[in-house]
Amino acid sequence: MGNVAASLILRRDGDAVRIVERGTAERGTVERDTADGDRESVVEAADFPRFVADREATTGGSPPRWVWDDTTRWYPDLLRAGVRVHRCLDLRLAHDILRRSPHIDQRTLAGDDLARWDALQPTTAHDAALFDWHRHEEHLDAEAEYDRQQRAVDASGKRGPLELLLAAESSGALVAAEIDHVGLPLREEVHERLLTQLIGARPLPGARPAELERLLPEIRAALDAPDLNPDSPKALLGALRSAGLDVSDTRAWNLQQLDHPVIAPLLAYKKLQRLANANGWRWLDTWVSDGRYQPGFLPGGTVTGRWTAQGGGALSFPAQIRGSVVADEGWRFVVADVAQLEPRVLAALSGDRAMSEAASESDLYEGMVKRGAVKTRRDAKLGMLGAMYGSTSGEGGRMVARMTRLYPRAFGFVEDAARAGERAEVVETYLGRASERPTGRWTRALGDEARADESRERDRKKWGRFTRNFVVQGSGAEWALCWIATLRTLLWRIGPQGADLELADRPHLVFFLHDEVLVHTPEALADEVVAAVRTAAAEATRIMFGRFPIDFPLDVDVCRSWADADSRAVRMDDADDADELDAGDGPASG
DNA sequence: GATGCTAGCGCC
DNA sequence: AAAGGGCGCTAGCATC
């Protein structure tokens, strides 16, 4: 990720910020740069944003790296002050990764405040309002932790991949903070109109929306259950059974198979009720203001390294309401997603040439069909999903068995990961994020003495499916982090340059969803943004996999509304299997 | 009234 | 007999 001119290690000290500047004569070493020496300065909190802005502006070509305990404790304030940084090292996120890594000598990370670093949690907008800004972290010694981490990584034997992982993770933290800062453009009036069309006008507090109120008597009549509340799964299940329907749960997919007058209105009701609950008026009031939705992204929130979000449901933003996401006047969205990210990552991490050859097609599954490996796209997909999730029976299981002969390296790779998990071993992503160790009931299930017990055997298999998927999902998340980190840097160079131009004035990332990004950009710069998105993907591939031949083709759309980014929909229409497999197109694959 | 759990469904 | 991974979020419901 380029040469680092200097690391500036930050620590809050009362109402001031103490900054230790460490030259890095030799990248990654802990030795102090004797030519330059450590410089320590103390800056009043009020002057800190300007200090950062100056350093960002004056370090010609080689911006500093800000080393801080936790991006969520530093960066939002800077962004509010109009200051953006090029790069950082997030010690909290790095600590989490290193603490789990089997390549790290954990003694190297041990310090007086180890437990505090272990327990350090990101702050949220909610916390920020509750707690004084330096209450939690003022005693955390970033300099000591930084030194420990550097030593640990240097001695790990995996320095290159781990440094890349920590850099990518840290860049992700910057992206997340920036997205939360600017927000996703979402027009309240469009959303309200959409809700009104689908479920009726905004109801009075406590009342059901009109469309639900309309469906309710139909459902009750069809089941001869005049007081039924369909929102109660228990009551609904009872009513369905009383009506003579043979059901064991009330899932929509199961109800769909049944032939009964209640099914149509009930499924319609469930669908609309879900929308009203998850993304209705209350959601709008809570999470959207002044035309912006703030997703509350938490980088590294998942064991596999995928992000999570808190509160607003950002990671399950329904396709149904993406029409509310509308670019500003004179602006556009550039929407890009990767087709079959995880299968492609698997081909590369296992070094499976046959699979990477099939991946030279924009549709990996068609590539397999075209090369005669499988008969239909549907078969290819069932087999790939089965391999990544651990199907053992049914069509998926059969395809896994067949395709294992065609792609022994890729299929063997996930198989090995599953076996390792079943033996209670830790598995790793491509860059070295380690899976958590089994605890609690899992420890018992994975012990040697557990062999004969059926329920423990089930648990053992389940843990194997987790580690099987971990290596693929986690490595896919790493590719995606490299992608958005590079894209973020490229976007900053597009369009007019100037210190007075803030993030929201330029092309900027507004959403990230595992394998998909949204960039909000002035219309005139959209073509440049499209090129940047593609360049960043190619660069991510090179950074991760070097010369191994693997393609990560993107579907890119320039549009006014997220709903108009229809490459995904078109591809699913073309497919012969959109309805047979789960609602999406597989894991983070499009 | 607060808390923790499950069922169900949304996303990848 | 069947056996697909990772999440968040809501309402309902049991419990304290």
Side-chain angles (χ1 to χ4, degrees), chain A residues 208 229-237 248-255 266-267 269-280 282-283 286-287 295-298 300-322 337-343 346 381-397 399-400 414 417-418 421 427 429 435-436 454-455 457-477 480 511-517 568 581-590:
Chain A
R208 277 194 176 83
N229 172 16
D231 301 334
S232 163
K234 207 173 173 181
L236 180 58
L237 184 62
S248 55
D249 58 54
T250 64
R251 290 189 190 123
W253 194 87
N254 289 330
L255 298 179
L266 179 56
L267 290 176
Y269 181 96
K270 284 167 79 82
K271 182 101 182 151
L272 295 178
Q273 176 71 305
R274 161 80 195 182
L275 175 62
N277 285 340
N279 301 99
R282 201 164 53 95
W283 174 84
T286 309
W287 300 104
F297 282 130
L298 278 180
T302 312
V303 285
T304 61
R306 279 188 175 181
W307 291 9
T308 56
Q310 40 181 24
L315 270 56
S316 53
F317 202 105
Q320 207 177 8
I321 58 158
R322 290 183 182 180
D337 71 276
V338 192
Q340 302 111 21
L341 170 63
E342 289 176 355
L346 174 57
K381 188 159 143 183
L382 278 165
M384 281 306 309
L385 294 186
M388 294 187 298
Y389 291 160
S391 294
T392 56
S393 68
E395 288 182 89
M399 285 314 301
V400 170
V414 286
V427 297
T429 60
S435 64
E436 59 188 356
E454 274 180 41
S455 82
E457 179 65 11
R458 272 199 300 278
D459 279 354
R460 205 168 65 84
K461 292 284 185 192
K462 189 165 172 57
W463 193 264
R465 286 195 298 276
F466 162 63
T467 52
R468 169 193 291 272
N469 186 252
F470 180 93
V471 295
V472 180
Q473 187 185 116
S475 302
F511 216 70
F512 169 56
L513 204 54
H514 308 312
D515 68 345
E516 179 173 10
V517 296
R568 190 176 296 261
L581 295 181
D582 60 21
D585 196 25
S589 66

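Sequence lines set the chain letters: A, B, ... in the order given, protein chains first and strands last, and positions in each chain run from 1.
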inquiry  = Pick the closest DNA chain C nucleotide for A:Q473 and for A:G394 by heavy atoms, then say which residue is nearer the 5' end.
reply    = A:G394
query = A:E395 CD to C:dA3 P: how many Å, rounded?
reply = 11 Å
message = Is there a side-chain contact between A:K462 and the phosphate of C:dA3, meaning an N or O under 4.0 Å from OP1 or OP2?
response = no
message = On the nucleotide C:dG4, are OP1 or OP2 found under 4.0 Å from the side-chain N or O atoms that A:R465 carries?
response = no
Atom pair distance, as rounded to whole Å: CZ in A:R274 and P in B:dC11 = 8 Å
key: Separation of A:R306 CZ from A:L513 CG (nearest 0.5 Å)   = 9.0 Å
ask   = Out of curiosity, A:R251 CZ to A:K270 NZ, how far, rounded to the nearest 0.5 Å?
value = 10.0 Å
task = Would you sort out whether A:D515 and A:E342 count as a side chain to side chain contact (heavy atoms under 4.5 Å, CB included), showing the intermediate values?
result = CA-CA 9 Å; A:D515 68 345; A:E342 289 176 355; over 6 Å; no
inquiry  = Between the base of B:dC9 and the side chain of A:R251, is one N or O donor paired with an acceptor at under 3.5 angstrom?
reply    = no
query = Distance-only, no hydrogens or angles: does the A:T467 side chain make a donor-acceptor pair with backbone N or O of A:G464 under 3.5 Å?
reply = yes
task = Give the rounded distance in Å between these two atoms: CH2 of A:W287 and P of B:dG10.
result = 20 Å
key: Gap separating the CG atom of A:L272 from the CG atom of A:N277, nearest 0.5 angstrom   = 11.0 Å
task = Send over the distance from A:F317 CZ to B:dC11 C1', rounded to a whole Å.
result = 11 Å
remark   = Rounded to whole Å, the CG-C1' distance (A:L266 to B:dG8) equals 12 Å
message = Side chain of A:T304, heavy atoms from C-beta onward: which of C:dG8, C:dG6, B:dG10 has the nearest atom to it?
response = C:dG6
query = With sugar-phosphate meaning primed atoms plus P, OP1 and OP2, does A:K270 contact a base, only sugar-phosphate, or nothing at under 4.0 Å between heavy atoms?
reply = sugar-phosphate
query = In whole Å, what is the span from the CZ atom of A:R322 to the C1' atom of B:dC11?
reply = 7 Å
request  = Determine, for nucleotides 11-16 of chain C in 5'-to-3' order, which nucleotides have protein heavy atoms under 4.0 Å from the base (write B), from only the sugar-phosphate (write S), or from neither (write -).
outcome  = SSSS--
message = Rounded to whole Å, please give me the gap between CD1 in A:I321 and P in B:dC9.
response = 18 Å
query = Heavy atoms under 4.0 Å, any strand shown: does A:G386 hit a base, just sugar-phosphate, or nothing?
reply = nothing
query = Taking the side chain of A:L513 as its heavy atoms from C-beta onward, which of B:dG8, C:dG5, B:dC11 lies nearest to it?
reply = B:dC11
message = Donor-acceptor pair, distance only, cut-off 3.5 Å: does the side chain of A:R468 make one with the backbone of A:A387?
response = yes
ask   = Can A:Y389 be said to stack with the base of C:dG4, given centres closer than 5.5 angstrom and planes under 30 degrees apart?
value = no
request  = Say whether, by atom type as modelled, one donor and one acceptor occur between the side chain of A:S435 and the main chain of A:V427 under 3.5 angstrom.
outcome  = yes
A:N469 side-chain N/O to A:M388 backbone N/O, donor-acceptor pair under 3.5 Å = yes
inquiry  = Starting the side chain at C-beta, find the nucleotide from C:dC7, C:dG6, B:dC12 nearest to A:E516.
reply    = B:dC12
key: N or O in side chain of A:T392 less than 4.0 angstrom from C:dA3 OP1/OP2   = no
query = Can you check whether A:S393 has a side-chain N or O nearer than 4.0 Å to OP1 or OP2 of C:dA3?
reply = yes
query = Counting any heavy atom closer than 4.0 Å, what does A:V303 reach on the DNA or RNA strands: base, sugar-phosphate only, or nothing?
reply = sugar-phosphate
ask   = Rounded to the Å, how far apart are A:F466 CZ and C:dC7 C1'?
value = 12 Å
ask   = What is the nucleic acid contact for A:A252, judged by heavy atoms within less than 4.0 Å: base, sugar-phosphate only, or nothing?
value = sugar-phosphate
